[in-house]
Amino acid sequence: MLHVLKAWSKPPSRGQLALLQDCRTYSSRSTSDSEAADLDAAREWFQRFNKSTIPEKIAKTEFSRSSGAGGQKVNKTSSKATTVWKLDALYPRVPKVLYQGLQDSRHYVSSSNSIKMQCDSSRSQSDNRAENHQKLFDEITRIYKQRVPGITPPEQLKKIEQLKKSENTARLRMKKLHGNKKRSRSDGGGGRRVD
């Protein structure tokens with residue numbers, strides 16, 4: 001009992017931490033029926049997802065003076081586009097599974113609870129506004145791919161099971177060979193050669 005307490009009082013080793021992390025990963029992957037239904041709904045939504053899924057009218061775009069190359073034009077015109085989408089307006093248009101991903105995005109602004117994109121790559125206001133919408137589309141696609149796992153086809157599941165069985169068979173065969181080797185050593189008189 002004392003050795004068990006000593007083992008727990010020591011800081012965990014790298015291997016123990018990796019094991020705990022794996023356990024946490026697997027436990028977080030277990031899904032309930034409602035989570036599975038949410039994932040299925042997200043997969044169906046993504047098949048229909050395109051740039052028009054998020055209408056431009058829910059965004060608020062402001063223009064300001066840009067910087068960098070462009071000569072006198074950038075000093076005179078306000079072409080830098082800053083587009084803001086309130087999450088309250090985005091939520092009805094994206095699946096529930098993506099909500100947390102939107103809040104974890106690097107474009108999320110917590111003070112206004114919104115997603116904010118900026119673009120000044122073009123000297124045209126409309127091009128910069130369109131590029132902001134493209135950035136939002138790309139960000140939502142990235143979040144979807146990060147949050148929603150794909151479906152494993154039945155053929156691949158069958159192949160995985162076969163690989164697991166063959167790995168287990170090979171492991172048991174190696175274990176048996178190792179056991180036989182140890183037994184042969186103990187039967188040989190303590191491992192000493194007598195000449």
Side-chain angles (χ1 to χ4, degrees), residues 14 17-69 78-161 163-164:
R14 186 176 285 173
L17 289 175
L19 179 64
L20 284 173
Q21 193 171 21
D22 286 345
C23 291
R24 285 187 199 128
T25 303
Y26 287 120
S27 67
S28 67
R29 288 185 187 164
S30 63
T31 58
S32 66
D33 292 338
S34 65
E35 289 173 345
D38 288 344
L39 290 174
D40 289 339
R43 289 183 188 106
E44 288 177 25
W45 171 85
F46 190 72
Q47 289 176 345
R48 298 184 312 273
F49 180 58
N50 57 36
K51 290 178 189 167
S52 64
T53 305
I54 310 295
E56 289 187 24
K57 67 182 180 180
I58 67 167
K60 181 182 178 192
T61 304
E62 294 178 353
F63 298 98
S64 60
R65 294 221 170 107
S66 142
S67 63
S78 298
S79 59
K80 177 182 178 182
T82 303
T83 308
V84 177
W85 291 269
K86 295 279 187 190
L87 286 186
D88 297 335
L90 278 177
Y91 283 165
R93 292 166 173 80
V94 297
K96 190 176 172 182
V97 177
L98 304 184
Y99 291 1
Q100 188 60 45
L102 287 169
Q103 289 180 349
D104 294 341
S105 169
R106 67 186 182 102
H107 301 287
Y108 176 69
V109 180
S110 60
S111 61
S112 62
N113 194 32
S114 60
I115 299 290
K116 181 180 182 179
M117 304 277 185
Q118 294 181 344
C119 177
D120 63 353
S121 60
S122 173
R123 291 177 8 176
S124 163
Q125 287 182 347
S126 59
D127 289 349
N128 287 336
R129 180 190 297 134
E131 190 167 333
N132 278 342
H133 285 277
Q134 178 63 42
K135 285 180 182 180
L136 178 69
F137 176 79
D138 294 342
E139 182 69 6
I140 291 174
T141 302
R142 182 193 67 78
I143 291 169
Y144 170 82
K145 289 181 178 179
Q146 180 184 13
R147 297 266 172 177
V148 181
I151 298 175
T152 307
E155 309 87 46
Q156 191 170 359
L157 287 173
K158 203 179 287 185
K159 189 174 182 179
I160 290 169
E161 286 301 318
L163 287 171
K164 283 181 181 178

dist I140:CD1 -> L90:CG (nearest 0.5 Å) comes out at 6.0 Å
Are D138 and K135 within salt-bridge range, i.e. N to O under 4.0 Å? no
query = Where the side chain of R43 meets the backbone of P149, is there a donor-acceptor pair that is under 3.5 Å apart?
reply = yes
#### Entry: N113 side chain near Y108 side chain, heavy-atom distance below 4.5 Å
yes
If you draw a 6.0 Å radius around CD in E62, do more than 12 non-hydrogen atoms from other residues or ligands fall strictly inside?
no
message = Could you go through Q103 and L87, starting from their C-alpha distance and side-chain angles, then the distance that decides it, and tell me whether this counts as side chain to side chain contact (heavy atoms under 4.5 Å, CB included)?
response = CA-CA 9 Å; Q103 289 180 349; L87 286 186; 3.8 Å; yes
- Task: Verify, without hydrogens or angle tests, whether K80 (side chain) and N128 (backbone) share a donor-acceptor contact under 3.5 angstrom.
- Result: no
Between S114 and the options S112, S111, S110, the side-chain hydrogen bond (donor to acceptor under 3.5 Å, both in side chains) test singles out S112
If the threshold is 4.0 Å, N to carboxylate O, is there a salt bridge linking R142 and E139?
yes
Output for pair (L102 CG, I143 CD1), nearest 0.5 Å, gives 4.5 Å
When rounded to the nearest 0.5 Å, the distance separating CG of D40 from CD of E35 is 12.0 Å
Rounding to 0.5 Å, atoms NZ (K96) and CZ (R147) come to a distance of 14.0 Å
When rounded to the nearest 0.5 Å, the distance separating CG of L98 from CD of Q146 is 10.0 Å
| task | Could you tell me whether the side chain of Y99 and the main chain of Y91 form a donor-acceptor pair under 3.5 Å? | result | yes
Practice item. Kindly determine whether E131 and S122 satisfy side chain to side chain contact (heavy atoms under 4.5 Å, CB included), including the steps that lead there. Key: CA-CA 9 Å; E131 190 167 333; S122 173; 5.6 Å; no
Do the rings of F137 and F49 sit parallel, tilted or perpendicular, given the 30° and 60° boundaries? parallel
Handout entry: Side-chain heavy-atom pair W85, N132 within 4.5 angstrom cut-off
Key = yes
Discussion item. Does any part of the side chain of H133, heavy atoms only, come nearer than 4.5 Å to the side chain of I54, both counted from C-beta?
Written reply: no
Test item: W45 side-chain N/O and R93 main-chain N/O as donor-acceptor pair under 3.5 Å
yes
For V109 and K116, the nearest pair of non-hydrogen atoms, with its separation, is CG2-CB, 3.7 Å
Here the gap from M117 atom CE to L136 atom CG, rounded to the nearest 0.5 Å, amounts to 5.0 Å
